[in-house]
There are 2 protein chains.
Amino acid sequence: MNLTVAEENYIKSIYKLQDGNAVVSTNAIAYELDTKPASVTDMAKKLKEKKLIDYEKYQGISLTPEGRKIALQIVRRHRLWECFLVDKLSFSWDEVHEIAEELEHVRSEKLITRLSNFLGNPTTDPHGDPIPDALGRISKSQPLVSLDKATARRLEVAGVSDQSSSLLEFLNAKGIRLGTQLDIIERYEFDNSVEVKIRNQPAFTLSEQVSKNIMVKSL
Amino acid sequence: MNLTVAEENYIKSIYKLQDGNAVVSTNAIAYELDTKPASVTDMAKKLKEKKLIDYEKYQGISLTPEGRKIALQIVRRHRLWECFLVDKLSFSWDEVHEIAEELEHVRSEKLITRLSNFLGNPTTDPHGDPIPDALGRISKSQPLVSLDKATARRLEVAGVSDQSSSLLEFLNAKGIRLGTQLDIIERYEFDNSVEVKIRNQPAFTLSEQVSKNIMVKSL
DNA sequence: TATTTTATTTAGATTTGTCTAAATAATATT
DNA sequence: AATATTATTTAGACAAATCTAAATAAAATA
Ligand SMILES: [Mn+2]
Ligand SMILES: [Mn+2]
Ligand SMILES: [Mn+2]
Ligand SMILES: [Mn+2]
């Protein structure tokens, strides 16, 4: 199966949007890929032809098992490169997504196997997302909760659900990164903001928009 | 100047073929890129439009200073990635060219600066070719001679002029790599073959075709 | 249910990169 | 110099990926 970069990007987007086994809409894909719905329809026909998606007019799109397999390979490459950039080239977590977006399309089984090895076969990327193994298996960790819904008092940051540079830069500035331990000081009902504290530092407040995108596990 | 992958590959080929300031022929580029002369003519018009090459119908092609600058950046990226693959991921020198051929198109100044740093700012790639620095400057080492023309008795392998996997695999099998020291035992006029010896190993014979592609310096 | 709004698809173009076949120019050979 | 050969360009076509504008289907609302 020899896919173009465009086809790979579509497959990856569909995988990302298709939470569980739901069907994905034309518009959602267009928005995700910053393209037009008409283009998505065109591509849908091609990917159906290649048996990577199930698609019937007006019925939405979902990956076939083969399509999912390919999606997992792309995600694996993307996340391994992100690890490389952060761990080996000292990039910060808000800088790596765009570059990995290109590196992920270099297809060489051997390259990825060796890269993974070189990195010590990591199982999560710099944003806390799991890295599929060579067979596409994802180790499911304990399910994470977003900070705005967490109940425990002491939490550890385990991921971010929005990976835009702007959020990551903001978290950088506040000293929040993967593994950071947070104590909940107070929750304000009025705007759903939350006051938190990092060990030995003054407390500060996070808006609902931010806390919604911080995934935590209790300690 | 935002170039497509295809445009970058043309620029790089022209740079490679344009030894010194000679003009490059349509056919030579087509052969190098495994495409058709008609396609080269088409692309020549586009690259001329972008002021990256000088081109007049039937008069051959040459890079403008701007084109050369870009070519050197691509060559830099290509060779740095080759170093990465060999030094960090333990690829052998005959496996890296194809992968680097793709990696070279990931454009990020910061990525390349950091990669170079991570590798210790190497100045030659795994095939002995010089790596341009960030400003496109190539450190010119002592000029190399091909093994079939060398005069000294003791030589050191400093490069290969043909980087096909088949040659490199052959050299691997014979125990010849960069830095290998060779003693010339005998040259046979009949077929221009040459008998050589690596320290502590039985002598063996190299055909003219092979010795032409091994670049050496005398010790 | 009829109507309005939203989502999706189709029709028709455009850009990029490629090709084959035919035409033309340049070069080499008699 | 005439002819043959080789190199290069042009003409016309095609596939991939995109777009806009218009048509149609589905969903939401009145
Ligand atoms: Mn990412
Ligand atoms: Mn991508
Ligand atoms: Mn190479
Ligand atoms: Mn390339």
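So you know, we letter chains A, B, ... as the sequences are listed, proteins then strands, and number each from 1.
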A.B. asks: Going by an N to O cut-off under 4.0 Å, is there a salt bridge joining A:Glu102 and B:Arg107?
C.D. replies: no
A.B. asks: Taking atom P of C:dT8 as reference, at what distance in whole Å does atom CD of A:Gln59 sit?
C.D. replies: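 So the CD-P distance, A:Gln59 to C:dT8, works out to 11 Å.
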A.B. asks: Please classify the nucleic acid contact of B:Thr26 as base, sugar-phosphate, or nothing, using heavy-atom distances under 4.0 Å.
C.D. replies: sugar-phosphate
A.B. asks: Assess whether side chain to side chain contact (heavy atoms under 4.5 Å, CB included) is satisfied between A:Leu206 and A:Val196, documenting all intermediate values.
C.D. replies: CA-CA 7 Å; A:Leu206 296 173; A:Val196 299; 4.0 Å; yes
A.B. asks: With the side chain of B:Lys46 defined as its heavy atoms from C-beta on, choose the nearest nucleotide among C:dC19, C:dT9, C:dG17.
C.D. replies: C:dG17
A.B. asks: What is the distance, to the nearest angstrom, from the NZ atom on B:Lys50 to the P atom on C:dT15?
C.D. replies: 13 Å
A.B. asks: Which listed nucleotide (C:dT8, C:dT9, D:dA7) is nearest to the side chain of A:Thr41?
C.D. replies: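 Among the listed nucleotides, the one closest to the side chain of A:Thr41 is C:dT9.
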A.B. asks: State whether B:Lys12 and B:Glu104 are salt-bridged, where the test is any N-O pair (Lys NZ or Arg NE/NH1/NH2 against Asp/Glu carboxylate O) under 4.0 Å.
C.D. replies: yes
A.B. asks: Identify which nucleotide among C:dT10, C:dT9, D:dT8 has an atom closest to any side-chain atom of B:Asn27, counting heavy atoms from C-beta outward.
C.D. replies: D:dT8
A.B. asks: Less than 6.0 angstrom from the centroid, inside 45 degrees of the normal: does A:Lys46 satisfy that with respect to the ring of A:Tyr10?
C.D. replies: no
A.B. asks: Round to a whole Å and report the spacing from CG of B:Asn9 to P of C:dT16.
C.D. replies: 17 Å
A.B. asks: Determine whether the aromatic ring centres of residues B:Phe91 and B:Phe84 are separated by less than 6.0 angstrom.
C.D. replies: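 Here the rings of B:Phe91 and B:Phe84 have centres that are no less than 6.0 Å from each other.
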A.B. asks: Within the structure, does a side-chain N or O atom of B:Tyr10 lie under 4.0 Å from either OP1 or OP2 of C:dT18?
C.D. replies: yes
A.B. asks: Any side-chain N or O of A:Lys36 less than 4.0 Å from the OP1 or OP2 oxygen of C:dT9?
C.D. replies: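 A:Lys36 to C:dT9 OP1/OP2: no side-chain N or O under 4.0 Å.
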A.B. asks: Counting only side-chain N and O atoms of B:Thr35, is one of them less than 4.0 Å from OP1 or OP2 of C:dG17?
C.D. replies: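 Looking at the OP1 and OP2 atoms of C:dG17, neither is under 4.0 Å from any side-chain N or O of B:Thr35.
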A.B. asks: Return the value, rounded to whole Å, for the distance between atom CG of B:Asp42 and atom C1' of D:dG12.
C.D. replies: 11 Å
A.B. asks: What does A:Ala6 touch in the nucleic acid at a heavy-atom separation under 4.0 angstrom: a base, only the sugar-phosphate, or nothing?
C.D. replies: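 Contact class for A:Ala6: sugar-phosphate only.
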A.B. asks: Between A:Tyr58 and A:Thr4, which is nearer to the 5' end of DNA chain D once each is assigned its nearest nucleotide?
C.D. replies: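 The residue mapped nearer the 5' terminus is A:Thr4.
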A.B. asks: Could you give the CD-to-P distance, from B:Glu49 to C:dT15, as a whole number of Å?
C.D. replies: 13 Å
A.B. asks: Between C1' on D:dA17 and CG on A:Asp34, what's the gap in Å once rounded to a whole number?
C.D. replies: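 It works out to 15 Å between those atoms.
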